[in-house]
Each structure stands twice: as C-alpha cells, then as structure tokens.
**Q** 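Dropping a structure here in structure tokens format, bear with me for questions.
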Protein chains: 2
Amino acid sequence: MGGSREPSHKTGMNSPSSFDTGVLVRRLSSYSPLSDADVAALKRADRSPVSYSRQDDIIRPGDAPPLLFIESGWALRYLPMTDGDQQVVQVLLPGDIVDRAAFLPGARTITAVKCATDIRACALCPRAMHEAVSERPNVARALWLGVMLDENRLLEHVARLGRRSSAEALAHLLLELRHLHKRIGAMEGETLTVPLAQPDIGDLLGITPVHVSRTISSLRHAGLIEMDRPTLRFLDVKRMSLFCGFDPAYLEAGPGPA
Amino acid sequence: MGGSREPSHKTGMNSPSSFDTGVLVRRLSSYSPLSDADVAALKRADRSPVSYSRQDDIIRPGDAPPLLFIESGWALRYLPMTDGDQQVVQVLLPGDIVDRAAFLPGARTITAVKCATDIRACALCPRAMHEAVSERPNVARALWLGVMLDENRLLEHVARLGRRSSAEALAHLLLELRHLHKRIGAMEGETLTVPLAQPDIGDLLGITPVHVSRTISSLRHAGLIEMDRPTLRFLDVKRMSLFCGFDPAYLEAGPGPA
DNA sequence: CGGAACATTGATGGATATCAATCTGAGTGG
DNA sequence: CCACTCAGATTGATATCCATCAATGTTCCG
C-alpha cells in the first residue's frame, strides 16, 4: 500500500553516456544491424540514468509513462485486479522498454511496473527518439521488430495461462528466460540467476504461492531443474522442452529460413 | 486436417475503392483525426478485396503473413498447441489488421487466423503503407494507437485467463465485445450478434466446450444475459460489469482527462 | 534478538476436466 | 423431399487440478 513511488536516488552517474545506451544499442542491433550514424542518433536520445529499489513502482495504471528502458535488473509489468490480486503480463529484462505507450504523447498506461530487484533504468528523449525513428530506417525496423517479439512473448504467455498445466507453464516460462539469457551470454553453463520470489511466479502463472512451491517441487522431482533462490539450474533442457512444448522460434528475430 | 487454405473466390468486386477502405479509414480516424490527404494516402495502399469462407485459414504459423485487414465478418487469431488444442489470442473484427508482422518485410508469424464467419478482407500495398506512415504523422499516430489498444486487449485477456473464474472471464469477454460494437453503432439496443460457437469460446477462455455450456448457463441463471446463437442480449450491464470487474478504460483511445 | 516475508508440507474443498449419453439443427446426398 | 450424418449443445457422474486453510520452519533484515 504505502509503496514508495519515487526513484530512491538519482545516481549522479559518472559513467559515460556511451555505456548507458549500451544495453539498448546492443539489444536493437541484435534485431537489425545499426550503422554508426544509427547508433549516434540513439545516443542523442540518451538521458541521465535513474535508480529504483526493489519493490518500487516505476509506473502505475493511469500514468503517462516515461520513456525508459531497463539497464540492469528485473522488473514485472502487471495488471492490478480489483480484489487486490495481480496478474503479471511481462518480465522486463535489461534492454526492455518499460512501457511503449510512452511513444504516444499524452497516452496513459493501464499497467503497473514494479522492481523485482534494484534497477538501473535509462530515460530517453521522446523527441530525439521520434527523429531517430523517422530518419533512420534501421532504427525503425529494430524497434518494430522489438514490438513484434514482445507480442510473441505475450501470445505465448496467453497460451501458458490458457492451455497448460501449472507444471508445464512454469517449465515453459523458465525455458523462455533461459533462452533469452543464453543469447546474450548471461548464463554460466546451465545456471541462471532468477531473482523472482515464489509469489511473483504465482502472479505470473495465475496460481497461488503455495502451489508454486508444489509445482517447483514437482519439476525438481522430475529431474528437470534445481532451484535454490536465486539460483536456477537446468538439468535436462531437451526433456523439459518436450514436456511443456517449448519451441524457441517465437523468440527468434530474423526472417525464417524458407 | 485437410483444411482449405485458399480464398474461396476472389470477388471481382465492382464496389468502388472508396468503400473498400471505408472500414479501415473509419477505424483509424476514430484513433486520430485524418485529413483528406491522409485518407488519400491510405487509399493509395488499397488493393482488391478477397473473400474467405467460414473455417478457412487466412494464415498459419510460419507464414510470411499478407498485409490484410478485415472488412466484414469475424476471425480468430490463435496459437495451435502441440497436443492439437488451440488458444485463441485475439478476436479479429472489421477494421482489425490480421497480423502486423506483415509490416516487417520477411517476417514470419507464429499465429494462425481462421474465419469464424465468411469474411471479406482487403489487402494493402506494403510500400504505399510505409510511405503513408513515414510521410503522414496522423496516419502513423493512428496506427500506433491501434497497436497500443490491441496490446491493452491482449493484456486484459491475460488477466482473464490468469486471474478470473470461467464465469467472470466469459462475462468480461462479452462486455468487451459489447463495448467495441456499441462504439461503432453495431448493436441493436442491448442485442449483439456473436457468431462464435461454444468450442470457439472455449479456445478463447482456455476451458472445455462442455464447461462453456455450463458457464453460459450460469450467467443466464444469474439474469445477466440471454444467449441463443448467434444472438446475445445483455440484461444487466451494470451488475455484469461489477461481477467481473470490467472497466472499459483499456479500450479508450484518447489521453486521459487529467 | 525479534519480526516479517518467504518457503514447505498436510488436509480439505471447490472449480474445471473428462467420460458418456442424449438432443437438436443444418447441411448433404439419395 | 427425406434419410443420413455431423457439428454443436446440454446434462449427469466421476476424476483431477488447484485453492484454501493451517501449521511450521527458514532466511533475512532491522
């Protein structure tokens, strides 16, 4: 209730701006190759970074959201329900844009975003971004591809909630997180750091915290994972993928081979 | 399995192009006011309409989807699951774009779209649309607002599946459809034509056809609706909205009042 | 050292799936 | 025009999954 809304402290960051946009540029160029001029246009949108603490709300429903992307840490985008429950709709990872409604001047968001860890985020100048989009086709294409990939993740999330058991849904979610981190070299072997608490996972999968515990336990007993917060280790990715019908195609950027 | 994939017959439509884009132009200008020049730019993208029959697949996973919007009829966008089940992720109504992945040259879709009714769809020239987007800010804004509103609908769909009982989820879905049709004057009083079969609704809500029947029955007994396919009548919108926590804010285009 | 959020486990209840039977209406071919 | 077939709709009986209630243990933080 009495949640803190303000950034805990503005970091008087002395790290050069080139590092601050690094995460976003890396992400976008993984979607579409960017020229030096493209990168320069993005840099022009760069603003000073802001820090948030675990459990802070970055935005709330009804806000005109700021144009922010995550630099480091995990955040959860969710819909608060009238009965106090929450339904998480997106896990925000470094490089993710907090809420794209920020691209529309005057638009309001219907979601809230809270920090699952301490967060460093980076603001972007809307005007400079609009310039970059309209004058730099590569940037526009990369951003649009990002929209499509996020939509794909959301669609698979719908399928998890609607058509999978809790064990399948959890396995599928974890494999998605694994795939995303593998791609950017953010895993040590088959070990991944997942800072989510079990109630967070419950809000993601639409189940109770108690049942999250039982579901993790069942995957553990099936020999698929080891999980000791915050460390997650995959023991048999192939069998796990088969178990829940995970196919990473929906996370891939490029046009198909055909 | 031997589903028909091809349009049943190309309509050698003699209706003027001005009518064919009517649905899309009306939709977009409800998002952002369009000047005559904006409308003219959209007309330049217009192609000949295509008809599909009920149960036809318009696209399938892995396709490079065509740039199409629905002119008349209802279609369902869904993810086919490995076990043969389907999870519907979007109800496509007149004015909806079938799959926005079509805006990205070479992109593949992960969804399928099948016709719930006979459909008239209208193709758009990608090049002309890109021109319209890059040269006409009103068009770009309207299209982007459409993206945001569709995302909002998808987010609420996630919340329906994750955090609502089947009766609440069904009530919420029906109220969403009611709201969308009210706005465009497509209802007679509180009566709406819903061409979906109960198995379709099951694929939407992630429940079995048998349970759809029981759920409809419970809303009927609660005095909330009458439903006799394809006719749906709302008996007590206020109580129904309260029952399922429906708030149409997520369907509204404009910036909030504040 | 005390408290609060998190995690685990057991017992029980409720919601939805599954299996099965029947009924209706619409399209189809004779 | 009628018989047939099939998809859809309804209802009942039973099984499964997950929620709820409750107790306990644990970790972390003030």
**Q** Just the rounded figure in Å: distance from P of D:dC17 to CD1 of A:Ile207.
**A** 14 Å
**Q** To the nearest 10°, give me the bend of the helix from C:dC1-D:dG30 to C:dG30-D:dC1, comparing the axes of its five terminal pairs at either end.
**A** 40°
**Q** In terms of side-chain heavy atoms of B:Ser213, which of C:dT8, C:dA7, D:dT10 is nearest?
**A**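 When the side chain of B:Ser213 is considered, D:dT10 is the closest of C:dT8, C:dA7, D:dT10.
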**Q** Whole angstrom is fine here: how far is it from CG in B:Asp85 over to P in C:dA17?
**A**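 One finds 10 Å between P of C:dA17 and CG of B:Asp85, rounded.
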**Q** Checking salt bridge (Lys or Arg N to Asp or Glu O under 4.0 Å) for the pair A:Asp96/A:Arg27: CA distance, chi angles, key distance, verdict?
**A** CA-CA 8 Å; A:Asp96 278 326; A:Arg27 169 71 73 93; 3.0 Å; yes
**Q** With a non-hydrogen cut-off below 4.0 angstrom, is B:Gly202 in contact with a base, only sugar-phosphate, or nothing?
**A**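 No contact.
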**Q** Quickly work out the B:Leu196 CG to D:dA9 P distance and round it to whole Å.
**A**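 So the CG-P distance, B:Leu196 to D:dA9, works out to 10 Å.
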**Q** Strictly below 4.0 Å: does A:Arg229 bring a side-chain N or O up to OP1 or OP2 of C:dA7?
**A** yes
**Q** Could you pull out all residues at least two apart from A:Arg220 that satisfy side-chain hydrogen bond (donor to acceptor under 3.5 Å, both in side chains)?
**A** none
**Q** Any chance you could measure B:Met187, atom CE, to B:Leu177, atom CG, to the nearest 0.5 Å?
**A** 10.0 Å
**Q** Is any side-chain heavy atom of B:Leu205 closer than 4.5 Å to a side-chain heavy atom of B:Val212?
**A** no
**Q** Using a cut-off of strictly less than 4.0 Å, decide whether B:Gln55 has a side-chain nitrogen or oxygen near OP1 or OP2 of D:dA7.
**A**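 For D:dA7, OP1/OP2 do not have a side-chain N/O of B:Gln55 under 4.0 Å.
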**Q** Taking B:Thr111 as the fixed residue, which of B:Leu79, B:Val88, B:Asp63, B:Val98 is the one that meets the side-chain contact (heavy atoms from CB on, under 4.5 Å) rule?
**A** B:Leu79
**Q** Hey, what's the ring geometry for B:Trp74 with B:His181, parallel, tilted or perpendicular (30° and 60° as the breaks)?
**A**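 Because their plane-to-plane angle is under 30°, the rings of B:Trp74 and B:His181 count as parallel.
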**Q** Taking atom OG1 of A:Thr191 and atom CZ of A:Arg233, what is their separation to the nearest 0.5 Å?
**A** 4.0 Å
**Q** Tell me what A:Val210 touches on the nucleic acid: a base, only sugar-phosphate, or nothing, going by heavy atoms under 4.0 Å.
**A** base
**Q** Using the side-chain heavy atoms of B:Ser217, tell me which of these nucleotides is nearest: D:dT11, D:dG8, C:dT8.
**A** D:dT11
**Q** Specify the separation, in whole Å, of atom CZ of A:Arg214 and atom P of D:dC18.
**A**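 About 11 Å, once rounded to whole Å.
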**Q** Within this structure, what is the NE2-to-C1' distance between B:His221 and D:dT11, rounded to whole angstrom?
**A**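 Result: 12 Å.
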**Q** C:dA15 P sits how many Å from B:His211 NE2, rounded?
**A** 9 Å
**Q** Could you give the distance from CZ (B:Arg77) to CD (B:Gln90), rounded to the nearest 0.5 Å?
**A** 5.5 Å
**Q** Rounded to the nearest Å, what distance is computed from the CD atom of residue A:Gln198 to the C1' atom of nucleotide D:dA19?
**A**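 From A:Gln198 CD to D:dA19 C1': 16 Å.
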**Q** Counting only side-chain heavy atoms from C-beta out, which of C:dA7, C:dC6, D:dT10 sits nearest to A:Arg54?
**A**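 Nearest nucleotide to the side chain: C:dC6.
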**Q** Could A:Glu252 and A:Arg183 be called an ion pair, given the rule that one side-chain N must be under 4.0 Å from one carboxylate O?
**A** yes
**Q** Which comes earlier along DNA chain C counting from the 5' end, the contact point of A:Met227 or that of B:Gly206, where each point is its nearest nucleotide?
**A**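 Here A:Met227 is the residue nearer the 5' end.
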**Q** Please report the interatomic distance CG(A:Leu173) to OG(A:Ser166), rounded to the nearest 0.5 Å.
**A** 12.5 Å
**Q** Does anything in residues 163-178 of chain A reach DNA chain C, meaning a heavy atom under 4.0 Å, and if so which residues?
**A**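 Listed by number, there are none.
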**Q** What is the nucleic acid contact for B:Pro209, judged by heavy atoms within less than 4.0 Å: base, sugar-phosphate only, or nothing?
**A** nothing
**Q** Can a side chain N or O of A:Thr208 be found less than 4.0 Å away from OP1 or OP2 on D:dA19?
**A**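 Yes, within the criterion.
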**Q** CG of A:Asp228 versus C1' of D:dC28: gap in Å, rounded?
**A** 14 Å
